[in-house]
Amino acid sequence: MAFTKKTVRDADVAGKRVLMRVDFNVPLKDGVVTDDTRVRAAIPTIEYLKDKGAKIILMSHLGRPKGDGPEPQFSLKPAADKLAELTGYDVKFVDDTYGEKAKAAVDALQDGEILVLENVRFDKREKKNDPEIAKTLASYGDVFVLDAFGTAHRAQGSVVGPAAYLPAYAGFLLEKEVDTLTSIFAEPERPFVAIVGGSKVSSKIGVLDHLIDSADTLIIGGGMAYTFFLAKGYTVGTSLKEEDWVERAGEMLKKAEEKGVKILLPIDNVVADHFGEDAEGEIVDSDKIPDDRMGMDIGPKTRELYADAIKAAKTVFWNGPMGVFEMDQFAAGTEAVARAVADSDCTSIIGGGDSVAAINKFGLADKMSWISTGGGASMELVEGKALPGVEALLDA
Ligand code: ADP
Ligand code: MG
């Protein structure tokens with residue numbers, strides 16, 4: 001399935017004011033960007049627009065401000081500075097979003113210049129998709145471009161609003177994300193191995209369901225494995241578990257069996273007596289988890305089992321770590337799986353904020369075919385949902 005919306009390539013942008021929603025929702029520490037992945041991801045579209053001589057107006061949210069006015073710790077200024085640093089461009093910033101000051105800064109823009117507006121969420125109306133907000137933002141541009149894949153699943157003022165007033169196009173990042181994450185499910189090269197982990201079954205139900213429909217093998221790890229164990233009749237000690245989802249987990253196991261999809265669950269586990277940095281791991285088989293122990297990672301036999309399955313794959317989709325990888329003593333499972341994916345010549349697509357953080361931690365990011373910049377948005381796409389931001393764009 002190809003991307004079905006118009007992109008910036010279709011837009012006439014020379015000398016035009018291009019209002020672009022980007023995802024500059026970056027982590028900050030003491031006013032400095034600690035991970036610039038999202039800023040980097042927006043550069044191809046910004047460069048393209050600049051080369052075409054557009055006046056570029058960038059807007060984004062950052063963090064979760066209250067929405068009652070400016071909060072310095074959520075300012076987009078550090079992101080604007082980062083963009084300047086990465087591109088060498090002169091990037092202007094205005095500490096206003098919807099007021100006269102913002103308007104004046106937009107009016108002063110020359111062809112090829114770049115302006116970053118202040119955080120769109122400093123006003124409550126943004127999240128409510130208030131039409132006044134959309135109208136004000138739209139008045140800054142002649143053309144609207146959406147490149148904020150990470151927020152494309154949210155029907156908020158700056159994401160979908162301007163498309164009601166301006167011709168609306170996708171940026172290159174949005175196009176690539178949607179294209180990659182949909183085509184992998186439409187026609188995966190087989191065997192297609194899906195890996196799902198993370199903490200909860202409940203947060204990934206839609207994804208798991210969809211993967212059982214498309215994958216040949218589904219590998220399960222992380223905290224969610226224990227709810228599947230309960231469905232299989234194992235006891236799980238003090239492991240993370242969701243009693244209300246045991247039945248659903250059982251149904252999924254059954255559905256997979258009926259469809260001939262192989263589900264792999266951990267055969268051994270690294271368990272600990274409490275959840276903490278000082279916790280020590282010990283290895284137990286999956287049907288022998290002691291009552292006073294909790295599962296923190298997949299065990300060594302499981303690492304090998306999973307790595308073998310990944311080795312045979314032509315396509316891998318991965319969402320969710322195999323264990324509590326933030327603690328080094330419980331990171332081996334996630335690292336082993338990451339290395340197996342990195343070493344394979346399969347097409348590998350990674351989604352999910354924590355999974356991406358894990359891969360970065362192991363320094364394996366450049367070994368993957370595609371790392372999605374959007375956690376929630378990528379999950380919704382994988383579930384087969386339409387993203388409101390994308391829906392609002394012009395059809396190709
Ligand atoms: P992603 O952001 O990649 O979608 P999730 O948010 O679903 O992933 O899950 C990531 C979290 O799951 C991590 O913080 C990790 O510590 C936690 N996790 C993984 N395995 C376990 C486990 N066995 N017990 C508790 N938490 C776990
Ligand atoms: Mg997460």
**Q.** Of all pairs that satisfy ring pair (Phe, Tyr, Trp, His ring centres under 6.0 Å), the ones with a partner from residues 58-98, not counting sequence neighbours
**A.** none
Q: With side chain to side chain contact (heavy atoms under 4.5 Å, CB included) as the test, would you mind laying out the steps for Leu137 and Phe144 before giving the verdict?
A: CA-CA 10 Å; Leu137 293 173; Phe144 176 60; over 6 Å; no
Q. Is the shortest heavy-atom distance from the side chain of Thr217 to the side chain of Pro191 under 4.5 Å?
A. no
Q) Taking side chain as C-beta onward, heavy atoms only, is Asn319 less than 4.5 Å from Val382? A) no
Q. What residue among Asp179, Asp10, Asp395 forms salt bridge (charged side-chain N to carboxylate O under 4.0 Å, His left out) with Lys5?
A. Asp395
Q: Mark yes or no for whether Thr347, through its side chain, and Thr315, through its backbone, hold a donor-acceptor pair below 3.5 Å.
A: no
**Q.** Test item: Asn269 side-chain N/O and Gly295 main-chain N/O as donor-acceptor pair under 3.5 Å
**A.** no
**Q.** Sole residue of Asp36, Asn119, Val39 in side-chain contact (heavy atoms from CB on, under 4.5 Å) with Phe24
**A.** Val39
Q.
I'd like to know if the side chain of Ser378 pairs up with that of Glu177 as donor and acceptor (distance under 3.5 Å, no hydrogens or angles considered).
A. no
Q) Are the aromatic rings of Tyr234 and Phe228 close, with centres under 6.0 Å apart? A) no
Q: Name all pairs fulfilling the side chain to side chain donor-acceptor pair (under 3.5 Å) condition that reach into residues 145-157, sequence neighbours left out, sorted by first residue then second.
A: Thr45-Asp147, Arg121-Gln156
(Q) Please enumerate all residues that pass side chain to side chain donor-acceptor pair (under 3.5 Å) together with Lys255, with sequence neighbours excluded. (A) Asp209, Asp213
